K.L.:
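Okay, handing you the structure first.
Residues take their numbers from the sequence shown, with the count starting at 1. It should be emphasised that the depicted structure is a prediction, and the values quoted were computed from it without experimental measurement.
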Amino acid sequence: MTKTTAFHLWGRPLAAFLAVAVLGSCARTMRDTTSGESSTIGSLVYVGTNVGGDQAASIYLYRLHPATGALTPVSVQRGGDHPTYLTMDATHRHLYAVSESGTFRGQANTGGVSAFAVDAQTGALALLNQQPSRGAGPCYISLDHTGKEVLVANYGGGSVSVLPLQADGKLAPASANDQHQPPLGPHKNQDHAHAHCFITDPVNRYAFAVDLGTDKVYAYRFNATTGQLRPQAKPAFLARPGAGPRHLTFHPNGHFAYLENELNSTVTALDYDTTGTFTELQTLSTLPAGFKGENSGADVHVSPDGRFLYTSNRGDNSLAVFAIEPVTGRLTLVQHISTQGQTPRNFALDPSGRILLVANQNSDNIFTYRIDAKSGKLSPTGESVSLPSPMFLEVLPDFTK
């Protein structure tokens, strides 16, 4: 049996609670409905959702118990319009979220970016300010390694932006923006450029933008002092035609990287050259043998110890587990396992590497799994929670202790 926790507040269902807006409060504290345990356990989990409306409760906060995988509801808070992707700074003082929409405060062809102050005792959020993302449908946000610049990928607009941070954590207007251009890939979903991921390399010298529409990983020389981007003459990597690259992640050693390809459901192991280019080592399917039907690859993460790689499949609704060969960076399939829900857009590992959490967007739930330290294999904990359209999981050490 799977133990499922839905958000109920003071004995009332969440839907009833949301109908009564408490406008004077950004965060609404919730009773522990699962275990009655105090706030001293495990990790904090902020969940970005596809819930729309500036005044809607759209970012959820849980505590994760690492021994059991149980998620205890803490609060649900106003996170802006469609806060589908989040990032927290290293000091745990500020959280940043995209607003994945096509308009922002009456401006067309741009979404938004929101800055929040984080309460050190409760984890609650208070809006500081917002800025336009300078492209429609922002779907990804990250911080550079200095923690002074926010990087945003605009999926609908096919562009990337850099927004500097002020000393108080507020967002300044974008200091840089780059529009990706054709040629496009051959797949029907590659109708125009679709920036899907934007991160810096481990030493903060280059920024890389992954574009699903053009089958490219773009390279920029990145200036963390000025927030400027200098596009490089050649892409950092050209994916196979129609692959639709989506997300890029680096191995902890900084020498390997892994690219999740949405449209052909593959993952590519890459060797990273510190001059800002990648070389393909290997490309494998993320699907089980014999799978028939529609599927799109989604997320990719390396375990904290660098020994395993995890990817998610939407359609097959599974997680794929790979072992990473430590010398070559190549992958060997270990396992496929059901996500117990539909459309696993995002998943995350807790800081200890003991628990994996998966957000099933279209079945409105999050499930947790134990990670076997030796094999990397996943096994369900039997714990889950229900909430509307979970899209992203930010898992952090519990700094409120």
K.L.:
Do T266 and N261 pair up side chain to side chain, a donor and an acceptor below 3.5 Å, judged on atom types alone?
P.N.:
yes
K.L.:
If I compare all heavy atoms of V162 with all of P164, which pair ends up nearest, and what's the gap?
P.N.:
O-CD, 3.9 Å
K.L.:
Decide yes or no for L165 and Y96: does some side-chain heavy atom of the first lie under 4.5 Å from some side-chain heavy atom of the second?
P.N.:
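When only atoms from C-beta onward are counted, Y96 and L165 do touch, with a gap below 4.5 Å.
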K.L.:
How long is the straight-line distance from CG of L229 back to CZ of F222, given to the nearest 0.5 Å?
P.N.:
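The distance works out to 7.0 Å.
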K.L.:
State yes or no: are the ring centers of F116 and H94 separated by less than 6.0 Å?
P.N.:
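Ring centroids of F116 and H94 are no less than 6.0 Å from each other.
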K.L.:
Just by modelled atom types, is the S133 backbone N or O under 3.5 Å from a matching donor or acceptor in the T110 side chain?
P.N.:
yes
K.L.:
Without hydrogens or angle criteria, can the side chains of E280 and T268 be said to hold a donor-acceptor pair below 3.5 Å?
P.N.:
no
K.L.:
Strictly by modelled atom types, are N295 and D316 linked by a side-chain donor-acceptor pair under 3.5 Å?
P.N.:
no
K.L.:
Could you give me the CA-CA distance, side-chain angles and deciding distance for S99 and H82, then say whether side-chain contact (heavy atoms from CB on, under 4.5 Å) is met?
P.N.:
CA-CA 5 Å; S99 289; H82 300 284; 5.6 Å; no
K.L.:
So, T87 side chain and S142 main chain: donor-acceptor pair closer than 3.5 Å or not?
P.N.:
no
K.L.:
Does T286 reach the main-chain N or O of S265 with its side chain, forming a donor-acceptor pair under 3.5 Å?
P.N.:
yes
K.L.:
Using atom types as modelled and distance alone, determine if a side-chain donor or acceptor of H180 lies under 3.5 Å from a backbone N or O of A193.
P.N.:
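Absent.
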K.L.:
Between D144 and T200, is there a side-chain donor-acceptor contact under 3.5 Å, judged purely by atom types and distance?
P.N.:
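Not at all, the side chains of T200 and D144 share no donor-acceptor pair under 3.5 Å.
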K.L.:
If you take all heavy atoms of A323 and V334, which pair is closest and at what distance?
P.N.:
N-CG2, 3.5 Å
K.L.:
Sequence neighbours excluded, which residues qualify as salt bridge (charged side-chain N to carboxylate O under 4.0 Å, His left out) partners of E100?
P.N.:
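Per chain and number, E100 pairs via salt bridge (charged side-chain N to carboxylate O under 4.0 Å, His left out) with R345.
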K.L.:
Please name the pair of heavy atoms, one in L287 and one in H336, separated by the smallest distance, quoted to 0.1 Å.
P.N.:
C-NE2, 3.3 Å
K.L.:
Determine whether D168 and L128 make a side-chain contact, defined as any pair of heavy atoms from C-beta on separated by less than 4.5 Å.
P.N.:
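A side-chain contact is absent here, since even the closest heavy-atom pair is not under 4.5 Å.
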K.L.:
Looking only at non-hydrogen atoms, find the nearest pair between L151 and I199 and report the distance.
P.N.:
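So the two residues come closest at CD2-C, 4.1 Å.
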K.L.:
Got N154 and V160 here, is their nearest side-chain heavy-atom distance under 4.5 Å?
P.N.:
no
K.L.:
As an exercise, state the distance from CD of Q130 to OG of S114, rounded to the nearest 0.5 Å.
P.N.:
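One finds 3.5 Å between CD of Q130 and OG of S114.
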K.L.:
Do V45 and E394 come close enough that some side-chain heavy atom pair is under 4.5 Å?
P.N.:
no
K.L.:
Do F278 and F208 have ring centres separated by under 6.0 Å?
P.N.:
yes
K.L.:
Tell me the closest heavy-atom pair linking V321 and G376, and the distance in Å.
P.N.:
CG1-O, 3.4 Å
K.L.:
Does a donor on one side chain and an acceptor on the other come within less than 3.5 Å for S386 and D364?
P.N.:
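There is no such pair between these side chains.
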K.L.:
Would you say the side chain of P304 lies within less than 4.5 Å of the side chain of L349, judging by non-hydrogen atoms?
P.N.:
yes
K.L.:
For a side chain to side chain donor-acceptor pair (under 3.5 Å) check, start with the C-alpha distance between T339 and N317, then their side-chain angles and the critical distance, and finish with the verdict.
P.N.:
CA-CA 6 Å; T339 64; N317 295 321; 4.9 Å; no
K.L.:
Using a distance-only test with no angle check, is there a side-chain donor-acceptor pair under 3.5 angstrom linking D350 and S43?
P.N.:
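No donor-acceptor contact under 3.5 Å links the two side chains.
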K.L.:
Could you go through V47 and I366, starting from their C-alpha distance and side-chain angles, then the distance that decides it, and tell me whether this counts as side-chain contact (heavy atoms from CB on, under 4.5 Å)?
P.N.:
CA-CA 10 Å; V47 184; I366 298 170; 3.8 Å; yes
K.L.:
Determine whether the aromatic ring centres of Y140 and H196 lie less than 6.0 Å apart.
P.N.:
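No, they do not, as the ring centres are separated by 6.0 Å or more.
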K.L.:
Taking the inter-plane angle between the rings of H192 and H194 on a 0 to 90° scale, is it parallel (under 30°), tilted (30 to 60°) or perpendicular (over 60°)?
P.N.:
tilted
K.L.:
Would you confirm whether N223, through its side chain, and T226, through its main-chain N or O, come within 3.5 Å as a donor-acceptor pair?
P.N.:
yes
K.L.:
Give a yes or no answer on whether the side chain of H187 reaches the backbone of N189 with a donor-acceptor pair at less than 3.5 Å.
P.N.:
yes
K.L.:
Please check: side-chain N/O of T368 versus main-chain N/O of G69, any donor-acceptor pairing under 3.5 Å?
P.N.:
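Yes; judged by distance alone, with no hydrogens or angles, the pair exists.
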K.L.:
When rounded to the nearest 0.5 angstrom, what is the spacing between CZ in R330 and CZ in F256?
P.N.:
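R330 CZ to F256 CZ: 11.0 Å, rounded to 0.5 Å.
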K.L.:
If only side-chain N and O atoms count, and only distance matters, is there a donor-acceptor pair under 3.5 Å linking H251 with N253?
P.N.:
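Yes, side-chain donor-acceptor contact under 3.5 Å.
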K.L.:
Going through the checks in order, is the side-chain contact (heavy atoms from CB on, under 4.5 Å) test met by M88 and V118?
P.N.:
CA-CA 9 Å; M88 177 84 74; V118 180; 3.8 Å; yes
K.L.:
Mind checking the CE-OG spacing from M391 to S58? Nearest 0.5 Å is all I need.
P.N.:
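The CE atom of M391 sits 12.0 Å away from the OG atom of S58.
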K.L.:
Are a donor atom and an acceptor atom from the side chains of Q77 and S75 found within less than 3.5 Å of each other?
P.N.:
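Yes, S75 and Q77 have a side-chain donor paired with an acceptor closer than 3.5 Å.
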K.L.:
For the residue pair D398 and R63, establish whether any side-chain heavy-atom pair is separated by less than 4.5 Å.
P.N.:
yes
K.L.:
How many angstroms lie between atom CZ of F237 and atom CG of D273, to the nearest 0.5 angstrom?
P.N.:
13.5 Å
K.L.:
Between G123 and L61, which heavy-atom pair has the shortest distance, and what is it?
P.N.:
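Minimum heavy-atom contact is O-CD2, 3.8 Å.
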K.L.:
Salt bridge check: are R314 and E294 linked by an N-O gap of less than 4.0 Å?
P.N.:
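Not counted as a salt bridge, because no side-chain N and carboxylate O are separated by less than 4.0 Å.
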K.L.:
Decide yes or no on side-chain contact (heavy atoms from CB on, under 4.5 Å) for V302 and F308, but give the supporting numbers first.
P.N.:
CA-CA 6 Å; V302 177; F308 304 102; over 6 Å; no
K.L.:
For atom CG of N109, is the number of surrounding heavy atoms from other residues, nucleotides or ligands below 6.0 Å larger than 12?
P.N.:
no
K.L.:
Taking only residues two or more places apart in sequence, or in another chain, which ones meet N362 in a side chain to side chain donor-acceptor pair (under 3.5 Å)?
P.N.:
T343
K.L.:
When you check the side-chain N and O atoms of E149 and T146, is any donor under 3.5 Å from an acceptor?
P.N.:
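There is no such pair (donor and acceptor under 3.5 Å, judged by atom type) between the side chains of E149 and T146.
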K.L.:
Contact between I141 and V150 at the side-chain level, heavy atoms closer than 4.5 Å - yes or no?
P.N.:
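Yes, side chains in contact.
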K.L.:
Please enumerate all residues that pass side chain to side chain donor-acceptor pair (under 3.5 Å) together with D54, with sequence neighbours excluded.
P.N.:
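If we apply the side chain to side chain donor-acceptor pair (under 3.5 Å) test to D54, skipping adjacent residues, there are no hits.
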K.L.:
Does atom CZ of R307 have more than 12 heavy-atom neighbours from other groups under 6.0 Å away?
P.N.:
yes
K.L.:
Check whether the side chains of T328 and E325 place a donor and an acceptor atom closer than 3.5 Å, and report yes or no.
P.N.:
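The criterion, which ignores hydrogens and geometry beyond distance, is satisfied for E325 and T328.
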K.L.:
Looking only at side chains, do N360 and Q340 share a donor and an acceptor under 3.5 Å apart?
P.N.:
no
K.L.:
Within the 4.5 Å heavy-atom criterion, are T49 and I59 side-chain neighbours or not?
P.N.:
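No, their side chains stay 4.5 Å or more apart.
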K.L.:
For Q361, does its backbone N or O pair with a side-chain atom of Q342 as donor and acceptor, under 3.5 Å?
P.N.:
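Between the backbone of Q361 and the side chain of Q342 there is no qualifying donor-acceptor contact (under 3.5 Å).
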K.L.:
Are F250 and Y272 close enough that their ring centers fall under 6.0 Å?
P.N.:
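Yes, ring centres under 6.0 Å apart.
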K.L.:
Taking S159 for its side chain and Q179 for its backbone only, find out whether a donor-acceptor pair lies under 3.5 Å.
P.N.:
no
K.L.:
Measuring from N346:CG to S312:OG, what's the distance to the nearest 0.5 Å?
P.N.:
7.5 Å
K.L.:
Check whether D299 reaches the backbone of T311 with its side chain - one donor and one acceptor, N or O, closer than 3.5 Å.
P.N.:
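No; judged by distance alone, with no hydrogens or angles, the pair does not exist.
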K.L.:
Can a side-chain donor-acceptor contact be found between Y218 and D211 if the only test is distance below 3.5 angstrom?
P.N.:
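D211 vs Y218: no donor-acceptor pair found between side chains.
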K.L.:
Is there a donor-acceptor contact under 3.5 Å linking the side chains of Q228 and R221?
P.N.:
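No, no side-chain donor-acceptor contact under 3.5 Å.
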